Amino acid sequence: MKPKIFVARAVFPEVLERLAQHFDVESNQEDRIFTADELMEKVRGKDGLFSTPSEPVTAALFAANPQLKAVCNMAVGYNNIDVAAATQAGVQATNTPDVLNETTADFGWALLMATARRVTESEHWLRAGHWKKWSYDSFTGPDVHGSTLGIIGMGRIGQAIARRSMGFDMNVIYHNRSQLSPELEARANKARYVGKEELLSTADHVILVLPYSKESHHTIKAADIALMKPQATLINLARGGIVDDAALITALRDKKIAAAGLDVFENEPAFNPGFLGLSNVVLTPHIASASTPTRLAMANCAADNLIAALSGKTPPNLLNRDVQPKR
């Protein structure tokens with residue numbers, strides 16, 4: 001008998017075919033979003049769960065499904081999984097790091113450029129038929145080249161973003177839980193470690209790439225935004241909840257900073273509608289990793305983890321290293 005798994009969201013058919021070689025697969029190719037109770041029922045009798053950030057994997061789910069052995073998230077972030085509860089329940093939990101670093105860094109630059117150079121704002125204005133003449137101050141904004149880039153969260157993605165700044169001759173400063181080695185700082189365009197307040201008050205463009213946790217919740221709130229330059233931009237590429245969205249909406253409306261670019265939001269996809277009335281914010285629906293090769297690599301990475309976990313091996317991206325896995 002093959003182990004039974006549930007694939008919680010639609011995924012590439014070729015990945016499902018690969019999983020079917022190892023498992024008895026039930027999949028959600030219609031891509032429904034299940035309630036907590038529905039998900040609990042779908043997982044009943046399953047040995048593994050192929051999850052995404054849209055599924056809350058809770059202590060209650062583990063308690064209701066004692067046969068569950070592995071939860072493999074198709075994402076680098078895993079704040080949807082109660083990892084401590086998974087460990088207590090003997091469930092191996094995994095994520096998909098590294099395979100999305102470069103694509104996410106690319107998108108960080110797309111969001112930064114669109115925000116600083118007012119790309120979406122000017123496009124909407126053009127499409128509305130307002131372009132009648134050239135003006136010296138039409139959609140002027142801050143420069144990117146030669147400016148100071150501040151990165152909060154200097155992991156692999158943050159470092160990839162910093163490396164790209166070399167082509168723009170930027171000065172890079174960063175804040176992180178710990179300082180990088182001199183070798184990594186040199187590779188990241190000679191990035192300089194500074195305190196959070198210094199970064200916010202100095203940087204022309206601030207980009208957030210730190211993981212979400214209780215400790216990082218509202219890393220950027222009203223008092224932090226108040227430290228920023230009036231002409232500065234703020235880019236959130238990390239997770240919803242890193243920024244106090246209500247405070248950011250107020251700051252953008254009052255022109256406390258020039259603009260923001262957001263790929264993630266609190267309570268997404270039900271984000272704060274106050275953003276929709278603002279012209280100085282670029283909004284994208286959590287698509288930083290959305291290149292076809294990268295999303296396929298993420299799905300295969302999650303599959304690798306699930307195959308390893310349910311064949312008695314240690315998954316390559318195990319989050320809870322202290323777990324005593326069920327056999």
Side-chain angles (χ1 to χ4, degrees), residues 1-58 61-62 65 67-81 86 91-107 110 156-157 237 239 263-264 268-269 284-319 325:
M1 294 285 290
K2 291 180 179 179
K4 296 180 179 180
I5 69 168
F6 179 59
V7 180
R9 294 290 305 277
V11 73
F12 296 92
E14 56 265 47
V15 175
L16 284 181
E17 290 174 9
R18 182 177 169 221
L19 290 169
Q21 295 173 15
H22 301 269
F23 308 121
D24 180 351
V25 180
E26 180 183 348
S27 64
N28 176 26
Q29 286 301 89
E30 64 182 19
D31 213 30
R32 281 187 56 205
I33 301 295
F34 294 109
T35 66
D37 288 343
E38 287 173 332
L39 180 64
M40 205 170 293
E41 187 59 34
K42 288 290 185 182
V43 176
R44 196 172 305 281
K46 305 299 191 298
D47 301 287
L49 172 61
F50 185 115
S51 60
T52 73
S54 62
E55 290 78 53
V57 183
T58 63
L61 185 144
F62 296 130
N65 295 281
Q67 80 297 330
L68 190 65
K69 298 180 179 68
V71 174
C72 299
N73 222 35
M74 186 184 150
V76 65
Y78 52 89
N79 51 292
N80 61 306
I81 301 174
V91 176
Q92 297 179 91
T94 69
N95 67 338
T96 61
D98 298 329
V99 295
L100 48 67
N101 295 343
E102 299 301 326
T103 293
T104 301
D106 285 350
F107 189 81
R156 296 180 184 90
I157 296 172
L237 200 64
R239 275 291 186 270
D263 188 48
V264 291
E268 62 180 54
T284 56
H286 204 146
I287 58 171
S289 65
S291 75
T292 301
T294 293
R295 288 283 173 88
L296 181 57
M298 291 167 65
N300 274 313
C301 183
D304 290 341
N305 286 318
L306 196 50
I307 292 166
L310 296 184
S311 60
K313 300 175 183 176
T314 300
N317 305 116
L318 184 62
L319 294 168

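In this text the structure is predicted, and so the values were computed from the model without any measurement.
- With values rounded to the nearest 0.5 angstrom, Arg32 atom CZ is found 7.0 Å from Lys42 atom NZ.
- Panel note: side chain Ser311, backbone Ala308; a donor-acceptor pair is recorded below 3.5 Å.
- In this structure, the side chains of Asp37 and Glu41 stay at 4.5 Å or more apart for every pair of heavy atoms.
- Between Ala93 and Ile81, the closest heavy-atom pair is CB-CG2, 4.3 Å.
- Counting heavy atoms from C-beta on, the side chains of Val7 and Val15 never come closer than 4.5 Å.
- The two residues Pro56 and Leu39 make their nearest non-hydrogen contact at O-CD2, 3.8 Å.
- A salt bridge links Arg9 with Asp31: at least one charged nitrogen is closer than 4.0 Å to a carboxylate oxygen.
- Taking CG from Asp98 and CD1 from Ile157, the interatomic distance works out to 9.0 Å, rounded to the nearest 0.5 Å.
- In Phe6, the CZ atom is crowded: over 12 heavy atoms of neighbouring residues, nucleotides or ligands sit closer than 6.0 Å.
- Nearest approach of Leu306 to Gly48, heavy atoms of both residues: CD1-CA, 4.1 Å.
- Counting all heavy atoms, side chain and backbone alike, Ile287 lies closest to Arg295 at CA-NH2, 4.0 Å.
- Looking at heavy atoms from C-beta onward, Lys4 lies out of side-chain contact with Gln67 at the 4.5 angstrom threshold.
- Ionic pairing of Asp24 and Lys2 is not present here: no N-O contact between side-chain nitrogen and carboxylate oxygen is shorter than 4.0 angstrom.
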Residue pair His22, Leu310: steps toward the side chain to side chain contact (heavy atoms under 4.5 Å, CB included) verdict: CA-CA 9 Å; His22 301 269; Leu310 296 184; over 6 Å; no
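- Test Thr96, Thr94, Asn95, Asn80 against Asn73 for side chain to side chain donor-acceptor pair (under 3.5 Å) and you get one pass: Asn80.
- To the nearest 0.5 Å, the span separating CG on Leu19 from CG on Asn300 amounts to 8.5 Å.
- Atom CZ of Arg44 and atom CG of Leu68 lie 11.5 Å apart (nearest 0.5 Å).
- Although no hydrogens or angles enter the test, the distance criterion places a donor-acceptor pair under 3.5 Å between the side chain of Gln29 and the main chain of Val11.
- A pairwise comparison of heavy atoms in Ile33 and Glu38 identifies O-OE1, 4.3 Å as the closest pair.
- Atom CZ in Arg156 sits 12.5 Å away from atom OG1 in Thr104 (nearest 0.5 Å).
- Contact annotation: the side chain of Glu14 approaches that of Leu296 to within less than 4.5 Å [non-hydrogen atoms, C-beta and beyond].
- Looking at Asp304 and Arg18, a side-chain N of the basic residue comes within less than 4.0 Å of a carboxylate O on the acidic one, giving a salt bridge.
- Within the 4.5 Å cutoff, the side chain of Pro3 has heavy atoms near those of the Phe23 side chain.
- In terms of heavy-atom proximity, Leu237 sits nearest to Ala288 at CD1-CB, 3.8 Å.
- Atom CZ of Phe50 and atom CG of Leu16 lie 8.0 Å apart (nearest 0.5 Å).
- Looking at Ile5 and Lys46, their side chains never come closer than 4.5 Å, going by heavy atoms from C-beta outward.
- Between Phe62 and Val71, the closest side-chain pair of non-hydrogen atoms falls below 4.5 Å.
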Working for side-chain hydrogen bond (donor to acceptor under 3.5 Å, both in side chains), residues Thr284 and Asp263: CA-CA 5 Å; Thr284 56; Asp263 188 48; 2.7 Å; yes
